[in-house]
Amino acid sequence: MTEFTIFPTVGSIAQKQLLRATLNMTIRSVSQLIDQHNVSSVVLEIGDEYFVFSVEDLLQHLHSGGSSDTTLAELTLRKITCVFENERVLTAFEILENNGDRYLGVVDSTGSLVGILTDTDILSAVDPTVLVQKKTIGELVTRIEPVTFTADWILDDVLNHLQKMEDSIIVVEAKIPVGIITTKDIFKLISAADTTDRPLREYMTSPVITTRVSSTIQDALAQLKTCHIKRSIVVNQENQLVGVVTQSELVGFAYGTWIDLIKHHAGELKELVAILDAKAKGFEKSSLTDPLTGLGNRRMLDKRLADEIGRMRRYDAPAFSLLLLDIDFFKQINDTHGHLIGDEILKAIGFKLMSAVRCSDDAIRWGGEEFAILLPHTLLEDAVEFANRLRNTIEDHSFVEQIQVTISIGVGQFSITEHESQFLDRVDKALYLAKHQGRNRVVADTSTAPVQHLVMSI
């Protein structure tokens, strides 16, 4: 089952099973080959160039009075334009339209031919849901009245009406299609060395697959794909012939509609992308932010730790340090003054931390009354100095209702030989020791291994 993509690559939809021919093959043998494999063309590789011989070339040869015993070497073959397999299908469509070709070669990065692209392949990749589904096939029917014949006409007399691959001879009775002869049928005649001097009724396919004038474009596309036909024979409610819409016209309409939609909605799409991008950034920010203090949260710290550890290991960059700090006797503040006052103090502490750090640092609410500060490119000695300045700033400040607050801080420097969890455990134990030994102090872990040697400062 084809997986629809709005603009697939040509390599993903091209015909990969190539039918190759040689210059010494005759028109009849090529016709037999095409008929046996149920394709519309063969490919020839001459030097580093690629050529194609198709249904249309055969018809042109016959109309000019050529023999079916003529070899391909005696003909002027059509060189095919090639595109790389990673090109988008819109590019291929534009080339086919501009050049008036039916075939496009698909090459890999080495220039080797890996496939052939036709309108049929493009049509198979069209997603009907992107079309204007209410548009009917009747609105696309050409204004030129189709040429029709009755069943008693001799095929040889009307064969000149078959010039292109999508052309057909439609046989009618009282304006109702009763039979059809396609270029594929002519191939079969030539490959079987049959004559063309009998009435159309002896060659035509009957009954004819038709499409109601009220059918949608989506219905018509589905019919072409399901029935493997190259044209919609459009009829009215009385089954009388209205016109013919070819496969290439449907493809042109489909891609024209896509392009018009894109052009028409380009501004809206750009604005929508900007809105969605802003929302995505907003969601990302909210998921990494503590709603009370506006600082980063635990997820933010995990992310930033991973960034800094990765930077050290990739680039042998300078070490970083981490502060874990806790508000001393915070439970007593909540019990005495209430949780609203406690929240105001937490917000004020958060503001102090944010004001104290550099742009490259990260102030985090670890949880509850605990905070963390990540100091990139900072060795332990400098981190301890910063921690003491911060401790003094908090101690000297009068918070809401003149409440005095102190903090205890644990400090550690990351070692590239340890795991993140070991590092956090070391700093957490330093904080525990700071509180255990009297609070309102900084304790630094000077080790780079689980065995600790701690220094304190007050």
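On a predicted model such as this, the values are computed, not experimentally measured, just so you know.
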Would you call Arg426 and Glu418 a salt bridge, using N to O less than 4.0 angstrom? yes
Residues which pass salt bridge (Lys or Arg N to Asp or Glu O under 4.0 Å) with Glu166, listed by chain and number, not counting sequence neighbours: Arg102
Leu305 to Leu374 - nearest heavy-atom pair and separation: CD2-CD1, 3.9 Å
Nearest 0.5 Å, please: how far is CG in Leu288 from CE in Met300? 4.5 Å
Main-chain N/O of Leu380 paired to Gln413 side chain as donor or acceptor, under 3.5 Å: yes
Donor-acceptor contact present, side-chain Lys16 to main-chain Gly11, <3.5 Å: yes
So, Asp326 versus Ser408: side-chain donor-acceptor pair below 3.5 Å or not? no
ring-ring contact (aromatic ring centres under 6.0 Å, His included): pairs with one or both residues in residues 292-326, sequence neighbours excluded: Phe320-Phe414, Phe320-Phe423
Are Asn86 and Thr9 close enough that a side-chain donor and a side-chain acceptor fall under 3.5 Å? no
Contacts of His339 that satisfy ring-ring contact (aromatic ring centres under 6.0 Å, His included) - sequence neighbours left out: none
For Asp343, give me all partners under salt bridge (Lys or Arg N to Asp or Glu O under 4.0 Å), at least two apart in sequence or on another chain. none
Thr378 backbone acceptor or donor facing Ser321 side chain under 3.5 Å: yes
For residues 398-412, which residue pairs pass the salt bridge (Lys or Arg N to Asp or Glu O under 4.0 Å) check, not counting sequence neighbours? none
Once ring-ring contact (aromatic ring centres under 6.0 Å, His included) is applied, do any residues pair with His436, and if so which ones, sequence neighbours excluded? Tyr432
Can you list the residues that meet the salt bridge (Lys or Arg N to Asp or Glu O under 4.0 Å) rule with Arg231, with sequence neighbours excluded? none
Quick one: list whatever passes side-chain contact (heavy atoms from CB on, under 4.5 Å) with Ser54, sequence neighbours left out. Ser41, Glu56, Asp57, Arg78, Tyr103
Taking atom NZ of Lys184 and atom CD1 of Ile229, what is their separation to the nearest 0.5 Å? 11.5 Å
To the nearest 0.5 angstrom, please state how far the CG atom of Leu323 sits from the CD1 atom of Ile364. 12.5 Å
Thr393: partners by side-chain contact (heavy atoms from CB on, under 4.5 Å), with sequence neighbours left out: Lys352
In plain terms, say whether Asp361 and Arg358 are close enough for a salt bridge, that is, a side-chain N and a carboxylate O under 4.0 Å apart. yes
Spacing of Lys79 atom NZ and Thr81 atom OG1 [to the nearest 0.5 Å]: 8.0 Å
Salt bridge (Lys or Arg N to Asp or Glu O under 4.0 Å) partners for Glu381, two or more places apart: none
Summary of ring-ring contact (aromatic ring centres under 6.0 Å, His included) pairs that have at least one residue in residues 350-408, sequence neighbours excluded: His397-Phe399
Rounded to the nearest 0.5 angstrom, the CG-CG distance for Asp425 and Asp445 is 9.5 Å
Point-to-point distance, once rounded to the nearest 0.5 Å, from CD1 of Ile137 to OG1 of Thr216: 8.5 Å
Quick one: do Arg311 and Asp307 make a salt bridge, cutoff under 4.0 Å? no
Under 3.5 Å donor-acceptor, His37 side chain and Val39 backbone: no
Under the side-chain contact (heavy atoms from CB on, under 4.5 Å) test, residues paired with Asp335 that sit two or more places apart: Lys331
